[in-house]
K.L.:
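Got a structure here, written out as C-alpha cells. Questions coming.
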Number of protein chains: 2
Amino acid sequence: MTKPRFVSAADVARLAGVSRSAVSRAYTPGAAVSEAARKRIHAAAEELGYRVNRLARTLHQDRSDLVGLVGGNFSNPYIAAQLDALSCALQGRGLQCLLMNTATAGADVSEHLARLLDYRVRNVVLLSGAAPDDLIRLCAQNGARMVLINRPPPPEGTQADLILADSARGGRLAAERLIAAGCRRVAVVVSGSRTTAKKARAEAFCAVMAARGVAVTTWADGANAYVTGVEAARSLLAQPGLDGIFGVTDEIALGVLNTARHELGLSVPGDLSVIGFDDAPISEWSSHGLTTIRQSLDALTAATLEAIDRPAEAPPTRFAVPVELVERTTVA
Amino acid sequence: MTKPRFVSAADVARLAGVSRSAVSRAYTPGAAVSEAARKRIHAAAEELGYRVNRLARTLHQDRSDLVGLVGGNFSNPYIAAQLDALSCALQGRGLQCLLMNTATAGADVSEHLARLLDYRVRNVVLLSGAAPDDLIRLCAQNGARMVLINRPPPPEGTQADLILADSARGGRLAAERLIAAGCRRVAVVVSGSRTTAKKARAEAFCAVMAARGVAVTTWADGANAYVTGVEAARSLLAQPGLDGIFGVTDEIALGVLNTARHELGLSVPGDLSVIGFDDAPISEWSSHGLTTIRQSLDALTAATLEAIDRPAEAPPTRFAVPVELVERTTVA
DNA sequence: GCACAGATTGCACAGCTGTGCAGTGACAGC
DNA sequence: GCTGTCACTGCACAGCTGTGCAATCTGTGC
C-alpha cells in the first residue's frame, strides 16, 4: 500500500479529464466553468474525497480564515462557556478557531503565542491571560488584528480592539447590593495574578465601601481559580465578624460560598452574604444559586464578532459590554 | 499607509543581504548556514517581525502540525477539562489545535467536520458527538489519522485509533455500589442522543441489576446536559419509591443530585443515592461531593498523545483506559 | 603557488492553489 | 460562407517555503 497522501486538485483534474484550473474554478463561486464540467469535476472530487486545500488558498490570498483563540484556563466555567459560544459563532461565519492554551507548562508563553502568527491567523482573540507587549507588536507588524477581551489597553498607538465589560459599574453594583443587605464588614477576593479588569472590579467595590464607611479587607493571593476562593474563605472566616464577601470571579465566589457553607458550617445568606462576577452557567445551579454580576455572554460574543468583521485597516475601537445584577439566593 | 502584509522570507533576505534559501535554512535545524549569516538573518527577522509561514511549510512537507479537536459541548465540565489538558499536552509537542464545535446551529455538521481536512490536519480527535461515516472515509482518503475517544468503532477496515474507557466495568461498579448501599429500586439516566459508550455504561449497569433481581427504570430523553438530569429527577421522583439513580455522565448526575436535594427536598444519600460517571473537577466541590466512576483524565490524555504520535501508516490500535470508583458522599 | 577538502551559498524546482490572459470552439447574423 | 461575439478552457505565473544540486569560497597541506 502506498503511503496515504492528501488528494490534490491535479488528481481530480486527471480523473475528470479537465485542466487543473477548471477544478479550481469549479470551487470558486462566480468563476467561468460550464455546467457540464462543474458536474463532472464535483463527481470526481466526491469519488476521490477531494477538498480544497485552504492552506494553499490562504497562501495566495492575503487573509486566512483562521482566528486565534488564546486563553489560560479553559476549565473555568465562564471561559468554557465563552469558548463554546465563540467557536459556534465564528464557525457560523466560515471562520476556524486555532486554540492556544497559555497554561502550557514550562514553555515560554510569548513563544507559544507567536506561534499563532506562524499560521497567519487573521485575528487573535485574547480571552484570558496577559498580552505580552511583543506579541502585540508582532501582530501589528504582520497585519493580524487583535481583539482583547477584558484586558488592559495596549501601549499607545497599537492596533487592537478592546472589548470591555463595565467592571467599575459591576464593582459598584456588588458593593451597593451588600450594603443594602446590611453588611458592615466585608472582604473582596482577587487572585494573585490580577488583571486590570479584575483589579477595576475590586477597586470600584472598595471605593463605594469607603464612601459608606464600611471597612474592606482585600485578599489577593493564589491563582485565578476555585481553590483561591476556598483558601480565602478559610483564612478570612477563621475568626468571626465578616458578613459579606465579593469574589471578582464566579469561580472564586463559588469557592468562597461552598467553603463557608459546607466546610465552615456557616449559613449563606444568614451569617454571610456572597456575591460574584461573570454569571457562569453553574452559578445558577440550585446547588449554588449565586447572586452575581452578569456580563452578558451574548453581548460579549456579538462584540467580538463585530470586531473581527471590521476590515484590517479600520481604526481600533472600544466596545462596551453592559453588566447587570442577577439576584439569587446568596445575599440577604 | 500601505495595507499591512505578512512579512515573508524574501523580505528578511533582502534586509539581511542573503538569498531566500539562507533564510529558510536559518530556521531549519541542522541545515548548512554559517554562524555569521544565521545571526544576521535572525536580527533582520527580529526587526521585521518575521515568522516562518507554517502554512507554506505544510504545503511542502506532507504532514502538518495541526490537530483537529472535535467536540459538541465545551461547557460540559468534563469536556472542558479534557480540552484544557489535551491542548496543553499537544502544544507541549509543538502541535496546534484546530477547534471544531459540532453544536454550530443550523449548519450541516458533516460539512463542518470535513472543513477540518481543508486545513490538512494530521489528526482528527473526536471528543464527543457522533462521527459520520463519510467523515471517517474522508479522513482515510486523505491520510489523516483519526482518534475516537469513547466513540463507537467505525465500520470494518477503516483506519481509526480507539480510546475507550472501560464503560462496562464502570457500569458494573456503579451498580454494585448502589446494591451495597442497599438500594432496591433504581433508575439509570441516559441522554436521548446516546452514544455507544453511554449506552454501554447503562447496559452493564442494568445487567448487574437484573442479575440481582433489582428493578431498573431507564430514562432516555433530552440532550446530553445538566437539564436532562433535572428533568429526569423531576419525572422519576414524582412519586416516591426510587432509592438510587445512576447518571451516565457527571453533568447529568449533578442535575439529578441538585434537583433532588434543593428542589424536591430529598436527603442525599439519606432518601436517595446518586452516582455519576466521569469525575469532572466540579464533582469534587463540597457543594456536590458526588460519588462517581472516574475515567482518568491523565490516562485519557496520555493515550491520545500516544495515538497521535504513531506514524501515519501504523495499523490502528485500541487503547483501554481504566476506571475506578471514587467514594464521596452521595451514596449511602 | 597549487590542488584538494570542506563549508557555504544560490539556483531552480516542487508542493497546491487562484487568476490574468490568450486561445479555442460554437453559434448567430448577414 | 464569413465574421464577430461569447462562453469556456488551459497556460503560465504568483504566493511562500524546503531542499537537491551545482557553484563558489575558505583554508590547509605540500
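Labels below follow one simple rule: chain letters A, B, ... track the order of the sequence lines, proteins then strands, and each chain is numbered from 1.
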K.L.:
So which pairs with a foot in residues 295-308 of chain B pass side chain to side chain donor-acceptor pair (under 3.5 Å), sequence neighbours left out?
P.N.:
B:Asn150-B:Gln295, B:Asp278-B:Gln295
K.L.:
How would you summarise protein contacts on nucleotides 4-11 of chain D per nucleotide, using B for base, S for sugar-phosphate only and - for none, with heavy-atom distances below 4.0 Å?
P.N.:
----SBBB
K.L.:
Which pairs of donor and acceptor atoms, one on a side chain in residues 114-122 of chain B, lie under 3.5 Å apart (sequence neighbours left out)?
P.N.:
| from | atom 1 | to | atom 2 | distance (Å) |
| --- | --- | --- | --- | --- |
| B:Asp118 | OD1 | A:Arg51 | NH1 | 2.9 |
| B:Asp118 | OD2 | A:Arg51 | NH1 | 3.3 |
| B:Asp118 | OD2 | A:Arg54 | NH1 | 3.3 |
| B:Arg120 | NH1 | B:Leu117 | O | 2.7 |
| B:Arg120 | NH2 | A:Val7 | O | 3.4 |
| B:Arg120 | NH2 | A:Arg51 | O | 3.1 |
| B:Arg122 | NH2 | B:Ile308 | O | 2.9 |

K.L.:
Which pairs, with at least one residue in residues 12-30 of chain B and sequence neighbours excluded, count as a side chain to side chain donor-acceptor pair (under 3.5 Å)?
P.N.:
B:Asp11-B:Arg14
K.L.:
For residues 27-45 of chain B, which residue pairs qualify under salt bridge (charged side-chain N to carboxylate O under 4.0 Å, His left out), counting only residues two or more places apart or in two chains?
P.N.:
none
K.L.:
Looking just at side-chain N and O atoms, do A:Asp84 and B:Asn73 make a donor-acceptor pair shorter than 3.5 Å?
P.N.:
no
K.L.:
Below 4.0 angstrom, which residues in residues 49-56 of chain A have at least one non-hydrogen atom near DNA chain C?
P.N.:
A:Tyr50, A:Val52, A:Asn53, A:Ala56
K.L.:
Specify the residues of residues 8-16 of chain A, ordered by number, for which at least one heavy atom lies under 4.0 angstrom from an atom of DNA chain D.
P.N.:
none
K.L.:
Using whole Å, report how far CZ of A:Arg57 lies from C1' of C:dT17.
P.N.:
8 Å
K.L.:
The criterion is salt bridge (Lys or Arg N to Asp or Glu O under 4.0 Å); which residues satisfy it with A:Glu46, sequence neighbours excluded?
P.N.:
B:Arg137
K.L.:
Hey, does A:Asp65 have a side-chain heavy atom less than 4.5 Å from the side chain of A:Thr58?
P.N.:
no
K.L.:
At what distance, to the nearest 0.5 angstrom, does CG of B:Leu69 lie from CD1 of B:Ile149?
P.N.:
8.0 Å
K.L.:
Can you sort out the partners of A:Asp161 under salt bridge (Lys or Arg N to Asp or Glu O under 4.0 Å), two or more places apart, ordered by chain and number?
P.N.:
A:Arg145
K.L.:
Treating A:Gln96 as the side-chain partner and A:Val67 as the backbone partner, does any N or O pair qualify as donor plus acceptor under 3.5 Å?
P.N.:
no
K.L.:
Residues in side chain to side chain contact (heavy atoms under 4.5 Å, CB included) with A:Leu15, at least two apart?
P.N.:
A:Ala44, A:Glu47, A:Leu48
K.L.:
For B:Leu59 and D:dT19, what is the distance between atoms CG and C1' respectively, to the nearest whole Å?
P.N.:
14 Å
K.L.:
For DNA chain D, what are the stems built from at least three Watson-Crick or G-U pairs in a row, each pair having both distances below 3.5 Å?
P.N.:
C:1-30 with D:1-30
K.L.:
If you define the side chain from C-beta out and look only at heavy atoms, does anything of B:Leu300 sit under 4.5 Å from B:Ile163?
P.N.:
yes
K.L.:
Atom OH of B:Tyr27 and atom C1' of D:dT17: how far apart are they, to the nearest Å?
P.N.:
13 Å
K.L.:
Scan for ring pair (Phe, Tyr, Trp, His ring centres under 6.0 Å) pairs involving residues 71-92 of chain B, sequence neighbours excluded, and state none if there are none.
P.N.:
none
